[in-house]
Amino acid sequence: MARAAVFLDRDDTLIVNVPYLGDPEGVVLLNGVREGLWRLKGAGLALVVITNQSGVGRGLISVEQVEAVNRRVMELVGEGVIERVYSCYGTPEWDPEGCRKPSPRLVWQAARELDLDLGRSFFIGDRRSDMLCARNAGVKGVLVLTGRHDPAEVERAKGEADWVARDFAEAVGWVMVRLKEAMDGRI
């Protein structure tokens, strides 16, 4: 039977955003992320990271550097918590695979490969592109206000979200309530 999942943006959602981060030593988890991920995993949810990494397409970092950073994130949150990371290396101007968020392509790929039920799934991210990706994929979008973005961009993102959370812990709390409601047959 297909499982519910939480798709997760990486930068400014799970870790402090360092533009074009290629050094795993620069990975810093945001407050509450480790605990929140363990809580979601304990509820039986598949956890999948979907991340745009345009630094590769721009020639600023390598695929190997992105993968090393992703491994460090997984190490810091705990072995086996995040099931898989899907990275898109295209830029806003050049995305030959069509995988850059807000495209749902990587969410759909994960759903096929990991047997995930998108109708019962969520996407937690800090950008409008994350919320549009959620909508395009047919999952509920939870905007976390942990990014450092232009206020107009944040307002546009809020308009696309199913829920807006101050931080990761609040986002996890909202997901857990929705899960309980679904189990109780209220949604």
Side-chain angles (χ1 to χ4, degrees), residues 2-17 28-52 70 73-74 76-78 81-88 99-111 114 116-184 186-187:
R3 301 172 294 155
V6 177
F7 298 95
L8 304 149
D9 174 54
R10 191 187 82 179
D11 302 324
D12 273 340
T13 300
L14 299 179
I15 67 173
V16 173
N17 184 19
V28 176
L29 292 179
L30 289 169
N31 290 334
V33 164
R34 187 174 196 282
E35 300 81 4
L37 291 175
W38 277 94
R39 188 172 176 207
L40 294 169
K41 187 73 170 179
L45 294 161
L47 304 180
V48 179
V49 174
I50 306 288
T51 181
N52 288 344
N70 291 339
V73 172
M74 293 170 79
L76 289 173
V77 300
V81 175
I82 295 171
E83 288 193 30
R84 196 161 307 164
V85 178
Y86 291 84
S87 300
C88 182
C99 59
R100 244 183 104 70
K101 296 177 288 183
S103 167
R105 182 168 177 213
L106 294 179
V107 172
W108 291 341
Q109 180 181 346
L114 303 173
L116 304 175
D117 180 349
L118 295 180
R120 297 186 304 130
S121 295
F122 305 85
F123 197 119
I124 300 175
D126 71 302
R127 292 183 167 270
R128 183 170 184 248
S129 61
D130 298 321
M131 297 304 98
L132 289 170
C133 180
R135 185 171 301 231
N136 293 337
V139 305
K140 292 171 190 66
V142 184
L143 179 71
V144 288
L145 300 177
T146 49
R148 298 161 293 197
H149 306 297
D150 172 65
E153 166 68 13
V154 172
E155 288 307 310
R156 286 191 295 275
K158 286 179 179 179
E160 303 294 343
D162 291 290
W163 183 255
V164 179
R166 285 186 312 265
D167 56 25
F168 196 78
E170 188 175 289
V172 168
W174 187 83
V175 168
M176 297 300 287
V177 167
R178 299 291 82 70
L179 288 175
K180 181 168 180 4
E181 289 174 351
M183 288 173 47
D184 292 345
R186 289 186 275 163
I187 59 170

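Atoms considered below: every heavy atom in the structure, side chains included; atoms not considered: hydrogens, waters and symmetry mates.
Rounding to the nearest 0.5 Å places CG of Asp12 at 10.0 Å from CG of Asp130. Considering CG of Leu47 and CD of Glu83, their distance stands at 7.0 Å, rounded to 0.5 Å. Interatomic distance, Asp150 CG to Arg156 CZ, rounded to the nearest 0.5 Å: 6.5 Å. Atom CG in Asn17 sits 7.5 Å away from atom NE2 in His149 (nearest 0.5 Å).
Contact between Arg84 and Leu114 at its shortest, heavy atoms only, is NH2-CD2, 3.4 Å. In plain terms, the two heavy atoms of Arg135 and Gly159 that are nearest each other are NH2-O, 4.1 Å. Pairing each heavy atom of Val144 with each of Ala171, the nearest pair is CG1-CB, 3.6 Å. Contact record, Ala161 with Met131: CB-SD, 3.7 Å, taken as the closest heavy-atom pair. Between Ala43 and Met176, the shortest heavy-atom contact is CB-CE, 3.7 Å. The minimum heavy-atom distance between Ala5 and Leu45, with the atom names listed, is N-CD2, 4.0 Å.
A heavy-atom distance below 4.5 Å is found between the side chains of Leu37 and Leu14. Residues Ile50 and Leu8 are not in side-chain contact: their nearest non-hydrogen atoms beyond the backbone lie 4.5 Å or more apart. Under the 4.5 Å side-chain criterion, counting only non-hydrogen atoms from C-beta, Leu116 is in contact with Phe7. Counting heavy atoms from C-beta outward, Trp108 and Leu118 have side chains that approach closer than 4.5 Å. Annotation: side chain of Arg10 is in contact with side chain of Ile15 (closest heavy-atom distance under 4.5 Å). Contact of the Val73 side chain with the Ile82 side chain is registered, since non-hydrogen atoms from C-beta on lie closer than 4.5 Å. Leu143 places none of its side-chain heavy atoms less than 4.5 Å from the side chain of Arg128.
Formation of a donor-acceptor pair under 3.5 Å by the Asp162 side chain with backbone atoms of Gly141 is found in this model. Distance alone, capped at 3.5 Å, places no donor-acceptor pair between the Arg39 side chain and the Ala169 backbone. Judged by distance alone, with hydrogens and angles left aside, the side-chain atoms of Thr51 form no donor-acceptor pair with the main-chain N or O of Ser87 at under 3.5 Å.
Checking each of Phe168, Trp174, Phe123 against Val142 for a side-chain contact (heavy atoms from CB on, under 4.5 Å) leaves exactly one that passes, namely Trp174. Here the rule is side-chain contact (heavy atoms from CB on, under 4.5 Å) with Leu76, and of Leu29, Val28, Val81 only Leu29 fits it.
Among residues two or more places apart in sequence or in another chain, the salt bridge (Lys or Arg N to Asp or Glu O under 4.0 Å) test is passed with Arg120 by Asp117. Here Arg148 pairs with nothing under the side chain to side chain donor-acceptor pair (under 3.5 Å) rule; sequence neighbours left out.
Ion pairing of Lys101 with Asp9 is present here, as a side-chain N (NZ or NE/NH1/NH2) and a carboxylate O approach within less than 4.0 Å. Between Arg127 and Glu160 no salt bridge is recorded (no basic side-chain N to carboxylate O distance below 4.0 Å).
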